[in-house]
Amino acid sequence: MKFQELKERFKNRFSMRMMAGVLCIVLAGGSIGAYQLQAEQMTEVDTNAAKQLNAAAKKGKKSKKAEIETESDDDKSIAGKLISMLGNNSDAEESMDGKEETVYLISDANGNVTNTIVSSWLKNGSASARIEDMTTLSEIENVKGDETFTQDGEKITWQADGEDIYYRGTTTKEMPISQQLTYYLDGNEISPEELAGKSGRVTIRFDYTNHEKAMADINGKQEEIYVPFTVVSGVVLDDSFRNVRVNNGRVLSTGDKIAAVGFAMPGLKESLGVSDEDFDEDFEFPEYVEITADVEDFSLEMTATAAAAGLMSDDELSKNLDLSELDDTVDDLTDAMDQLKDGGSRLSDGLDTLHENMGDFSGGVNSLKDGVNAYTEGASKLADGIQTLSDSSGSLESGVNALNSSAKTIHEGIQKLDQTLNTQMTDKEKAAAVKEVNQTIEAQFAQGSDSYHQIYDAAVQNFNNTINGESTVQSVQAGIQSGMQAQGLTSEGVIAALAQYYAANGFTDASGQNYPAEVCQSNVPGTETTYAAYFANAVLNGGLASSLADGITSGIASQGAPSVGEAVVNACESAAKQAGAAAAVSGAESAKKQIASAIEAKDAQSGYSLVSGVQALSAGTQQLADSVPALKSGISQLLGGANELTGNNAALKDGVSKLADGTVQIRDGVVKLDDGAHELSDGLVEFDEKAVSKMVDAYHGDVKDLVERMKAVAKAGEDYGTLCGAAEGVSASTKFIFRTDAIKTEEAE
């Protein structure tokens with residue numbers, strides 16, 4: 001999948017999930033709770049008004065007011081029951097002061113309003129003697145008690161005497177929301193009059209229009225948005241309706257009746273600045289309600305719709321959509337990525353320094369080679385060359401120290417990145433995940449494990465094969481012996497001279513055992529040869545060449561091989577822990593796949609990926625370790641042998657040439673190591689550009705804008721207030737109840 005395509009799919013899915021989360025918050029919040037289907041009793045004024053509207057619709061009354069009926073709210077009063085279910089606010093607190101306004105709208109079957117009545121409930125939780133209210137209603141009438149009022153313009157004062165006040169009136173104000181009903185029979189639009197008595201697949205569609213707008217400050221810009229209204233529509237159906245379906249809602253069975261209820265939020269999509277293309281195909285934004293069923297002899301008692309402004313309180317929405325912690329996390333992620341890139345750059349610089357110092361080290365080896373070539377000029381020149389090599393090894397050590405310092409920096413950067421990428425996890429979870437990964441890796445790399453032996457044995461074997469190879473040892477020994485013979489060091493005269501020296505000064509063997517002069521002057525038991533002559537012959541013709549050759553090779557091998565093996569195992573274990581910790585706390589599969597893809601992708605020019613670059617780094621480290629751990633010891637032994645030898649030694653020159661060749665191999669390893677470090681640094685930059693930076697940009701773009709719009713919409717709903725007014729400082733709310741006429745044949749009526 002191309003990156004651009006991946007980006008678009010991620011954007012759409014993120015937007016869809018964001019909206020789904022917002023809608024879940026809304027449904028769980030305060031406003032929708034007012035429209036839950038319940039069988040509880042509503043307030044008396046609402047019950048009476050519902051009965052009145054039902055009776056007025058049945059009798060065809062057209063007056064703005066209607067007489068209050070005493071018809072009981074039994075199973076035959078479908079209108080009263082449905083309005084009661086949709087209009088009851090179960091969250092109302094009767095003990096508090098406030099005002100609840102309910103606007104009842106009688107409509108024809110198509111949704112055209114023919115009669116409007118506004119019912120108000122003034123809650124007197126403080127048992128006040130008087131209640132002051134503001135209203136634009138006319139023809140005001142107390143519908144429950146005999147309390148009176150006085151009116152001054154829109155100000156109205158009730159003589160409550162500690163009681164709640166229930167009153168109604170009429171208004172000519174334009175409603176903030178309206179609905180339109182359309183009917184279909186077997187897919188074809190049909191009028192409600194024609195639909196009565198018909199059979200087939202019937203669809204009833206509720207479309208809503210939001211007429212109420214407000215200005216809002218969104219990211220510093222004034223924009224016009226819709227005041228949010230949550231609308232719930234429903235019908236109660238008898239057993240002539242089958243296979244009932246409703247979008248954006250539910251179908252509930254109450255025994256012999258079926259209730260189909262759906263909800264919508266007209267204008268919300270426009271206010272949020274989203275479109276259908278921003279969502280997955282299986283997501284439908286709730287803008288209308290559509291009820292479909294198979295019907296025999298269609299008839300419908302009524303439909304009922306309840307609507308109210310608001311989603312939830314602005315404080316609650318701000319709490320649920322607070323992005324301050326996410327802002328901090330994104331900032332930490334950016335800082336960690338910068339540190340990681342800085343660590344990669346410093347590692348690359350350190351290896352550049354090591355690479356540059358290899359020239360000094362190589363120069364020391366060449367100086368040694370030149371000294372051997374001039375061996376006939378004296379052993380002192382050979383010692384000087386070896387001393388130059390020893391001095392140059394210090395530069396190599398400084399380069400290795402720079403490498404270690406840079407490696408530590410990038411290790412700290414990776415740990416910081418690991419922590420930042422997993423901020424959604426708790427500290428306890430992160431610690432447990434990292435601990436579990438480290439324990440698993442430590443078990444795999446513990447001494448005695450298969451992984452440990454495979455890596456350690458391979459490294460040691462490779463090192464020993466190079467140093468203790470038969471050809472290497474034989475070449476060194478043969479060269480020493482040839483040089484000794486060429487210089488006449490094995491002649492009887494030389495032996496006699498050396499024996500005379502031992503007889504006068506004593507002899508100390510390789511193990512440190514001292515033989516005084518008097519012992520050296522005595523004869524070996526059973527022979528006529530003195531100890532001094534015996535020692536001189538053994539040194540020159542026996543163990544000197546072999547000891548020198550074995551000492552040089554075995555010294556390097558014995559001191560270097562274990563260090564090389566342990567270093568390689570520790571490097572592999574450290575790399576595995578770093579990778580395992582990063583993978584353990586990442587959490588999201590999609591993120592793991594993207595990171596894996598990024599670090600495994602090979603560069604078209606170099607052929608290296610982040611993984612293969614680390615492998616090259618390990619290979620270069622092994623070659624470098626061939627000389628670093630035991631180089632000084634080998635040079636010291638070589639220097640001791642050179643001080644005892646005199647004259648030109650062609651075989652020794654050949655051995656030093658091989659050492660020079662080995663230096664070339666070390667230099668090649670450092671080059672690979674340097675290339676791997678540059679590849680690592682470039683990979684980190686690319687990962688930042690293609691993943692981290694783009695993710696941060698997306699967050700600062702789409703997500704924050706959508707959240708700010710959601711807050712502005714919620715605030716507009718909270719500020720709406722009432723249709724006909726309320727006293728200043730009084731908690732007030734308004735709900736709208738739409739009731740449509742019945743659809744029946746003349747015989748049924």
Side-chain angles (χ1 to χ4, degrees), residues 35 37-39 50 53-60 73-87 105-114 178-208 231-264 266 284 286-307 737-749:
Y35 312 116
L37 294 180
Q38 303 178 45
L53 291 174
N54 182 48
K58 287 184 176 181
K59 297 179 179 180
D73 188 13
D74 56 18
D75 291 338
K76 295 181 180 180
S77 180
I78 299 175
K81 267 218 177 271
L82 191 54
I83 292 176
S84 175
M85 293 167 67
L86 293 178
L105 302 107
I106 294 179
S107 308
D108 62 21
N110 289 115
N112 302 309
V113 177
T114 59
S178 61
Q179 71 172 0
Q180 184 69 36
L181 279 73
T182 309
Y183 302 87
Y184 299 88
L185 178 63
D186 296 329
N188 299 312
E189 186 174 346
I190 188 172
S191 68
E193 294 79 14
E194 294 175 323
L195 181 58
K198 296 291 194 305
S199 299
R201 187 68 173 170
V202 174
T203 298
I204 306 173
R205 178 178 172 118
F206 295 79
D207 287 292
Y208 313 97
V231 183
V232 181
S233 293
V235 295
V236 175
L237 308 173
D238 57 26
D239 57 6
S240 65
F241 289 79
R242 302 183 309 279
N243 302 322
V244 181
R245 300 289 185 271
V246 59
N247 73 320
N248 302 322
R250 297 184 62 185
V251 177
L252 306 175
S253 175
T254 60
D256 58 341
K257 301 291 184 182
I258 296 176
V261 182
F263 83 99
E284 180 181 358
E287 295 186 294
Y288 66 93
V289 173
E290 195 170 80
I291 300 171
T292 305
D294 294 323
V295 186
E296 289 287 339
D297 298 326
F298 180 88
S299 67
L300 186 65
E301 185 71 24
M302 58 162 284
T303 71
T305 296
I737 304 297
F738 296 82
R739 188 262 193 216
T740 63
D741 288 344
I743 302 175
K744 295 182 179 181
T745 62
E746 293 182 1
E747 294 79 3
E749 293 179 353

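Predicted model, so just to flag it, every value in this text is computed and none were measured. In what follows, residues are counted from 1 in the order of the sequence shown.
Contact check for Gln180 versus Asn112: side-chain heavy atoms found under the 4.5 Å cut-off. Counting heavy atoms from C-beta outward, Ser107 and Val113 have side chains that approach closer than 4.5 Å. When side chains are defined from C-beta on, Ser240 does not count as touching Asp297, because their heavy atoms never get closer than 4.5 Å.
Side chain of Asp186 to backbone of Arg201: a donor-acceptor contact under 3.5 angstrom is found.
Expressed to the nearest 0.5 Å, how far CD1 of Ile106 lies from CD1 of Ile737 amounts to 12.5 Å. Between Asn110 atom CG and Thr182 atom OG1 the span is 7.5 Å, to the nearest 0.5 Å. To the nearest 0.5 Å, atoms OG (Ser299) and CG (Asp238) are separated by 6.0 Å. Once rounded to the nearest 0.5 Å, the distance linking CZ of Phe206 with CZ of Phe738 reads 11.5 Å. With rounding to the nearest 0.5 Å, the separation of CG in Leu237 from CG in Leu300 is 7.0 Å. Note that CD of Glu193 is 12.5 Å distant from OG1 of Thr745, once rounded to the nearest 0.5 Å.
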Q) Could you walk me through whether Met302 and Ile743 pass the side chain to side chain contact (heavy atoms under 4.5 Å, CB included) check? A) CA-CA 7 Å; Met302 58 162 284; Ile743 302 175; over 6 Å; no
Q) Given Tyr208 and Ser233, is the side-chain hydrogen bond (donor to acceptor under 3.5 Å, both in side chains) satisfied, shown in steps? A) CA-CA 10 Å; Tyr208 313 97; Ser233 293; 2.5 Å; yes
Q: Using the side chain to side chain contact (heavy atoms under 4.5 Å, CB included) rule, take Gln179 and Thr740 through it: C-alpha gap first, then chi angles, then the decisive distance, then the call.
A: CA-CA 10 Å; Gln179 71 172 0; Thr740 63; 3.9 Å; yes
**Q.** Trace of the side chain to side chain contact (heavy atoms under 4.5 Å, CB included) decision for Asn247 with Val289
**A.** CA-CA 6 Å; Asn247 73 320; Val289 173; 4.3 Å; yes
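In this structure, Arg245 does not pair ionically with Glu290, as no charged nitrogen and carboxylate oxygen lie closer than 4.0 Å.
Heavy-atom minimum distance, Leu185 versus Ser199: CD1-O, 3.8 Å. Considering every non-hydrogen atom in both Ala293 and Val244, the closest pair reads CB-CG2, 3.8 Å. Nearest heavy-atom pair, Arg739 versus Ala742, reported as atom, atom and distance to 0.1 Å: NH1-N, 4.1 Å. Residue Val246 comes nearest to Ile291 through the heavy atom pair CG2-CG1, 3.8 Å, listed as atom of the first residue, atom of the second, then distance. Heavy atoms only, all atoms of each residue included: Asp108 and Asp741 are closest at CA-OD2, 3.5 Å.
Relative to the six-membered ring of Tyr288, Arg205 meets both conditions, a distance below 6.0 Å and an angle of at most 45° to the axis.
In the displayed structure, Arg250 atom CZ is contacted under 6.0 Å by at most 12 heavy atoms of other residues, nucleotides or ligands.
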